[in-house]
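Before any comments, here is the structure.
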Amino acid sequence: MVDNRLAALWGHRRPAVMGIVNVTPDSFADGGRFVAPGDAVEHAVRLVAEGADVIDVGGESTRPGAAPVTAEVERARVVPIIAALLHRLPRLLVSVDTVKATVAAAALDAGASVVNDVSAGRDPAMLALVAGRGAAIVLMHMRGEPQTMQQDTAYTDVVAEVHEHLRARAAAAVSAGIPPDRVLLDPGIGFGKNATGNLALLRSLGDLAALGHPIVVGASRKSFIGHLTGAAVSDRLPGSLAALAGTTRLSRVLVRVHDVAATVQYLTVAAALEGAA
Ligand code: HH2
């Protein structure tokens with residue numbers, strides 16, 4: 001149940017911030033660092049202290065070429081972390097990064113209130129589950145599967161195609177019974193797109209927001225920043241902040257990041273400048 005905590009996210013002058021906690025041995029940016037449950041919980045608590053409004057817990061890497069894991073493995077990775085984190089911070093908004101309805105159900109049982117689904121509800125049980133639990137869902141655009149998605153990144157019109165797909169998936173979520181303000185749309189930066197496509201999608205966040213749902217943007221440390229600058233994954237914070245430049249003009253946006261303190265500082269100043277205009 002997500003109650004009024006989701007609406008409260010949009011009360012800041014700046015975009016809201018989702019801190020990433022990966023409990024995976026192979027995520028592209030922080031794989032293997034937080035596999036021990038205690039480490040993951042401490043890391044999440046630190047991100048909240050730095051200003052994260054939501055913590056996103058993931059047990060399966062979606063980086064290009066990543067191998068899938070079973071529902072049992074994924075559940076065993078994420079559920080203890082979510083339960084322990086909510087024991088420490090009972091009102092925290094926790095999202096679970098999964099494409100599997102069984103994993104999402106276990107995470108919601110443990111107290112999560114948002115499902116971050118990078119497949120935009122491909123599991124036929126996902127939308128009904130989220131509707132029935134009064135939870136929220138992030139619907140992200142991805143072409144194909146993580147194993148193969150970077151093999152074909154050509155589109156006739158990447159922005160039109162991504163926005164049309166998200167419009168259709170949002171309509172499906174609303175017909176399944178999820179209220180529109182609990183359906184968040186994400187263009188899926190780096191998921192089956194090249195650097196040009198990612199930039200076009202970041203430039204058109206206003207058009208995505210015009211579909212009438214809150215939006216999510218995940219650009220943190222992604223490879224298009226490396227393509228543009230040559231920076232290694234661990235050196236991509238400046239580019240990750242610059243990628244968020246278009247978000248401060250929008251009213252309901254959540255940014256998914258690894259570096260929470262720096263992002264909160266950047267967004268606070270950028271949003272204050274916008275406000276003064
Ligand atoms: N990116 C990743 C994972 N989940 N969810 C949303 N909504 N938007 C994103 O852009 C997004 C996401 C990236 O993949 P992963 O391998 O999990 O790496 P990390 O979680 O370290 O970013």
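Only this structure's heavy atoms are used, side chains among them; waters, hydrogens and symmetry mates stay out. Whatever order the structure lists ligands and atoms in, that order sets their numbers, starting from 1.
Ion pairing between a basic and an acidic side chain is recognised when a charged N comes within 4.0 Å of a carboxylate O; Glu74 and Arg77 show no such pairing. Salt bridge absent: Arg13 and Glu274 never bring a charged side-chain N and a carboxylate O closer than 4.0 Å. Using a cut-off of 4.0 Å between Lys/Arg side-chain N and Asp/Glu carboxylate O, Arg221 and Asp235 are scored as not salt-bridged. Salt bridge status for Arg14 with Asp53: present, with a side-chain N to carboxylate O gap under 4.0 Å.
Remark: distances from the non-hydrogen atoms of Gly188 to ligand 1 are all 4.0 Å or more. Within the structure, the closest approach of Lys222 to ligand 1 falls below 4.0 Å when heavy atoms are considered.
Contacts between Asp186 and ligand 1, counted as non-hydrogen atom pairs separated by less than 4.0 Å, involve the side chain only. When non-hydrogen atoms are compared, ligand 1 lies under 4.0 Å from neither the backbone nor the side chain of Asp56. Contact annotation: for Arg63 versus ligand 1, heavy atoms closer than 4.0 Å belong to both the backbone and the side chain. Of the heavy atoms in Asp97, only side-chain atoms (C-beta onward) come closer than 4.0 Å to ligand 1.
Ring geometry, His165 versus His141: the interplanar angle exceeds 60°, so the pair is classed perpendicular (tilted spans 30 to 60°).
Remark: ligand 1 atoms within the under-4.0 Å shell around heavy atoms of Val118 are 4 (N), 5 (N), 12 (C). Of all atoms in ligand 1, listed by their number and element, those nearer than 4.0 Å to a heavy atom of Val138 are 7 (N). Listed by number with element, the atoms of ligand 1 under 4.0 Å from a non-hydrogen atom of Met140 are 6 (C), 8 (N), 9 (C). When each atom of ligand 1 is checked for a heavy atom of Ser61 under 4.0 Å away, the hits are 16 (O). Near His258, meaning under 4.0 Å from one of its heavy atoms, ligand 1 places the atoms 19 (P), 21 (O), 22 (O). Counting the atoms of ligand 1 from 1 in the order shown, those under 4.0 Å from a heavy atom of Ile20 are 20 (O), 22 (O). Of all the atoms in ligand 1, the ones that sit under 4.0 Å from a non-hydrogen atom of Gly218 are 10 (O).
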The test is salt bridge (charged side-chain N to carboxylate O under 4.0 Å, His left out); show your working for Asp186 and Arg256 and say whether it passes. CA-CA 10 Å; Asp186 183 333; Arg256 181 181 181 276; over 6 Å; no
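A distance-only check finds no donor-acceptor pair linking the side chain of Arg122 to the backbone of Lys100 [under 3.5 Å].
Inspection of the Asn116 and Ser95 side chains reveals no N or O donor paired with an N or O acceptor under 3.5 Å. Using modelled atom types, one finds no donor on one side chain facing an acceptor on the other under 3.5 Å when comparing Asn22 with Thr24.
Taking any N or O of Glu60, backbone or side chain, none lies under 3.5 Å from an N or O belonging to ligand 1.
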